[in-house]
Amino acid sequence: MDRYEPQQIEAKWQRVWEDERAFYVPDPPPGEEPQNHWYQLEMLPYPSGTLHMGHVLNYTMGDVLTHFRRRNGWIVLRPMGFDSFGLPAENAAIREGGHPRDIVEGNIAEIRRQMRRLGWVIDWDREVSAHEPSYYRWTQWLFLRFFERGLAYRKAAPVNWCPNDQTVVANEYVIDGHCERCGAKVEARNLEQWFFKITAYADELLRFDLPPGGSWPERTMTIQRNWIGRSEGAEIIFRVEELDQDIAVFTTRPDTLFGATFFVLAPEHPLVEQIGDADVLAYARETAARRGEERAAEEEKTGVFTGHYATNPVNGARLPIWVADYVLMDYGTGAIMAVPAHDERDREFAERFDVPIVPVIDDDERLINSAQFDGLPAEEGKGAIVEWLREQGKGAHAVSYRLRDWSMSRQRYWGCPIPIIHCGECGLVPVPDDELPVLLPEVQDYRPKGVPPLASNEEWLHVPCPKCGGPATREADTMDTFVDSSWYFLRYVDADNGEAPFDRRLVDYWCPISHYIGGIDHATGHLLYSRFFVKVLNEIGLLGFREPFARLFHQGWVQMGGTKMSKSKGNVAGPDEMVDGYGADAVRLYILFMGPADQDMEWNDDGVEGIVRFVRRLWRVVLEAAERAPQSDPGDGALVRKAHQTIVRVTADIERRLQFHTPISAVMELVNELAEDTAAEGARFAAETAVSLLQPWAPHVTEELWQRLGHERLWEQSWPVADPALLERATFELVVQVNGKVRDRMEVPAGLAEDELVERAKASERVRAHVDGKKIRQTIVVPGKLVNLVVG
RNA sequence: GCCGGGGUGGCGAAAUUGGUCAUACGCGCCUGGCUUAAAACCAGGUGCCCCUUCGGGGGCGUCAGGGUUCGAGUCCCUGCCCCGGCACCA
């Protein structure tokens, strides 16, 4: 018998699949659209390095599901691409020296090789990379559609500045006040930047109108909902008589309006400039500048009185106007009414600065000190006071969100150029569609300097205005790489289209994505941005759905030394040595066998020997059975029944429960049982079943064994189906309990009447030892399982 | 503080609607076989405690403490611990 030689077998079958183009998926011809299609996708890799075991987990899961679906009769699209623009790639290039394009393209070639070596099913005809002009041309084209609708706009606003990466960073990728990419502490800066108006979709993003059959982890929806942070309340107008001005505040507690005893402006509030004296202005400037700094939660609030007063619309009370650091300019209106009796922060401030505190809600949650509203339950009071304000023209019901618009321009080189021209006469002028793409210019020194590197290429920068022909300059910021990844899954469907980003018919056929796998770290970033994009593209008429991802699954982190593997942390284990040593099948099996796929795992290769042993045992036992067991009716012996049970377990675990490790255990059990006697009745059937069931996990060795069992093209065979008749047992093991404790077990025929079961139970000597001399108070019978005698 | 997810052998972990002495499968460990030897491979054993005439018998065990139930890893309550996310958002 041959030895198991994974390198040889794997190379052989990979060549066959490539030669046959076994996993390339044709698009449906117009008018003929089969129903059972499936779009399997995992988040695309950054080619800032090569693959590590985290990627191996992610893509192997997708691969198992792809094989499983295919063999269940589905047409499965499973493309791949590279998120090759942006900070990760550029920082890698700076680290390693060289041009980002060279680094990225070198890594892409290497990753493709790694992916082929692992035997993953990928339709390479649809590959896209964000940095290729054929792709980013359409990123720019889409940007212009957003711009036309006012959904991409420029404004000065407080933004997060990463001093290390020398660029603005989106809120979504500032973690604990630090840049998600490089870990540096971010600073607050007031800069003019490009934004996408994602806030216009806040309410819809809060709803998850998933396509039929869709499901998202509750956890992820909660994270997005918290991030969007919808608060319901009221906007209330306060009058500043001496300035003849109105200032609006947002509050979620209009019921406490009578308890407002002071009024606070954020340091950045425009009114501060008007009313502040020198001291106030100095305080405001200093505090605004300190914004980005990390502040301990227990740090004391600061503030300064402006000398002016605002009038409470509900009772005419004159409230001193303060400027304080605890009010944020970019939430609500940047001004608050302070109710120290019922707000912890206001109370802390009031106590520190000796401002009066007036309670307006009693222990019974009813309004007090609130004139005509006294006695109302607080909840009713909210509505009543808002209604009164509305009648007086002093306020209205309002909703506020924590979500901010998506800051998407970057002062960096390696990104998609923003197709806009700045003209002194005409303002912001879009580059005409037929002049796209605006190619990323070559620059001498692309490293970040705080000013956009693109601007250093003078020849590129200066262009005539497309509108008036006068002198103008190009926008020199580039796009956040998350713009690229907000629509890549649509481009896969129609990757070569030179006329449009994609064909609507094809996108509507394949999408929404049936099953998306990726890290939960993108819950408030990529996964939110992509939903926003799809909603906008739907409104433009480019596609016919409003949610991109039907089913979502998050794989756990593969960690090393307690932290997530990543190139920048240097704790990376790559698949290459493992594949060299054990073969791709063993690596695939091992990474999935390590534990539940949605749970974090600590990488170690201690247990890989066990998997290798298993694959070798499978090899030996199957070949033995192929030799010894006759090709005949498998019969209905124990081994055949075990095989049918295994079909049920593997199928249910992978299909319904998305468990990748327990099916491996199930097949191990079957192989162990087969190993006991490879000439037993049904041994050949058991061997074939084990090989067939394991194919999605270990496609090479199973294909080879399938061939040696005298068959062909396992990857195209339909998935095994269990015979219900062979799952039913003629007899079963009856468990007999006395007072809930198991006292005996006996093999009895299936289908006995309940009283017959009880009779047999009582006849047992071991049971009688615990029952005799006592009264049986109750008898519980679970048909097909057990009898429980309750004695007292 | 708020929200979410968890605590099962030495380790990774199983246990389809509460029902087969909980711990499948694998790792590790122990014993034996093969071998000059080692590795590899193969066979057997492996929760804790007590009793045993060596056939086996009994008790306790899923973070802790209560509860529901004939029966709880699974359901309910209280507490402890761990992991992740958010956090001056009015």
Side-chain angles (χ1 to χ4, degrees), chain A residues 175-176 217-223 225-227 229-231 233 249-253 256 264 266 295-299 301 324-328 330-339 342-346 348-349 400-404 520-521 523-524 556-557 562 589-590 593-596 598-602 604-614 616-617 620 648-649 652-653 656-657 659 661-669 671-672 675 732-745 766 769 777-792:
Chain A
I175 311 296
D176 274 339
E218 197 53 51
R219 188 158 134 237
T220 314
M221 292 194 287
T222 304
I223 290 172
R225 288 195 188 102
N226 290 345
W227 183 260
R230 185 180 199 272
S231 297
V249 303
F250 174 77
T251 178
T252 54
R253 296 296 305 276
T256 64
V264 190
R295 302 191 56 215
E298 65 273 16
E299 204 172 303
K301 298 181 185 356
D325 60 348
Y326 77 100
V327 174
L328 309 171
D330 53 0
Y331 183 77
T333 63
I336 64 158
M337 64 177 217
V339 184
H342 304 290
D343 182 282
E344 230 178 281
R345 296 150 304 177
D346 295 343
E348 194 189 318
F349 191 86
S400 191
Y401 299 91
R402 190 187 162 286
L403 181 71
R404 313 286 154 72
I520 195 167
D521 54 333
T524 59
W557 296 124
L589 282 165
Y590 182 57
F593 189 64
M594 280 187 80
D598 57 357
Q599 195 174 295
D600 293 353
M601 55 185 88
E602 177 69 23
N604 67 73
D605 51 16
D606 294 350
V608 72
E609 300 289 347
I611 283 290
V612 172
R613 257 196 288 270
F614 164 64
R616 288 204 197 109
R617 194 181 330 135
R620 194 186 68 240
V648 171
R649 276 176 67 186
D653 281 359
R656 287 213 306 274
R657 305 202 299 162
Q659 287 209 147
H661 60 145
T662 48
I664 301 173
S665 299
V667 175
M668 283 174 169
E669 280 185 50
V671 171
N672 288 348
F732 72 93
E733 192 173 51
L734 177 70
V735 171
V736 185
Q737 300 181 332
V738 178
N739 286 347
K741 283 190 192 299
V742 177
R743 296 301 178 186
D744 201 4
R745 296 181 301 167
R766 302 171 57 141
R777 293 166 180 272
Q778 199 182 344
T779 305
I780 314 286
V781 179
V782 182
K785 284 189 175 153
L786 61 75
V787 169
N788 185 12
L789 303 172
V790 184
V791 302

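These values consider heavy atoms only, across backbone and side chains, with no hydrogens, waters or symmetry-generated copies. Computed from a prediction, not measured in an experiment: that's the story for all the values here. Every chain is numbered from 1, with letters handed out A, B, ... down the list of sequences.
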Ranking B/G19, B/C3, B/C42 by distance to the side chain of A/Val782, first place goes to B/G19
If pairing means Watson-Crick or G-U wobble with both distances under 3.5 Å, then the partner of B/G19 is B/C70
A/Met594 CE to B/G26 C1', in whole Å, measures 12 Å
Hey, does A/Arg404 reach any base, or is it just sugar-phosphate, or nothing, if we go heavy atoms under 4.0 Å? base
From CG of A/Asp521 across to P of B/G4 the rounded distance in Å is 21 Å
Taking a pair to mean Watson-Crick or G-U wobble geometry with both distances below 3.5 Å, B/A38 pairs with none
Judged by atom type as modelled, is there a donor-acceptor pair below 3.5 Å linking the side chain of A/Arg404 to the main-chain atoms of A/Asp330? yes
Review point. When we call it a touch if two heavy atoms are under 4.0 Å apart, what does A/Gln737 touch: a base, just sugar-phosphate, or nothing?
Key: base
For the pair A/Tyr331 and A/Phe250, name the ring-plane relationship: parallel under 30°, tilted 30 to 60°, perpendicular over 60°.
perpendicular
Closest of B/C41, B/A90, B/G26 to the A/Leu328 side chain is B/A90
Quiz prompt | Short side-chain N/O contact from A/Arg613 to OP1 or OP2 of B/G28, under 4.0 Å | solution = yes
A/Ile780 has its side chain closest, among B/A90, B/C70, B/A13, to B/C70
Is there any protein nitrogen or oxygen under 3.5 Å from a nitrogen or oxygen in nucleotides 37-39 of chain B, and what are the pairs?
none

Note: for A/Asp600 and A/Ala666 on RNA chain B, the residue whose nearest nucleotide lies more 5' is A/Asp600
Could you check whether A/Thr779 gets within reach of a base, just the sugar-phosphate, or nothing at all, counting any heavy atom under 4.0 Å? nothing
For A/Arg649, which contact category applies under a 4.0 Å heavy-atom criterion: base, sugar-phosphate, or nothing? nothing
Separation of B/G85 atom C1' from A/Ile223 atom CD1, nearest Å, is 6 Å
Flag for A/Asn226-A/Arg402: side-chain donor and acceptor within less than 3.5 Å: no
task = Could you check whether A/Asp653 gets within reach of a base, just the sugar-phosphate, or nothing at all, counting any heavy atom under 4.0 Å?
result = nothing
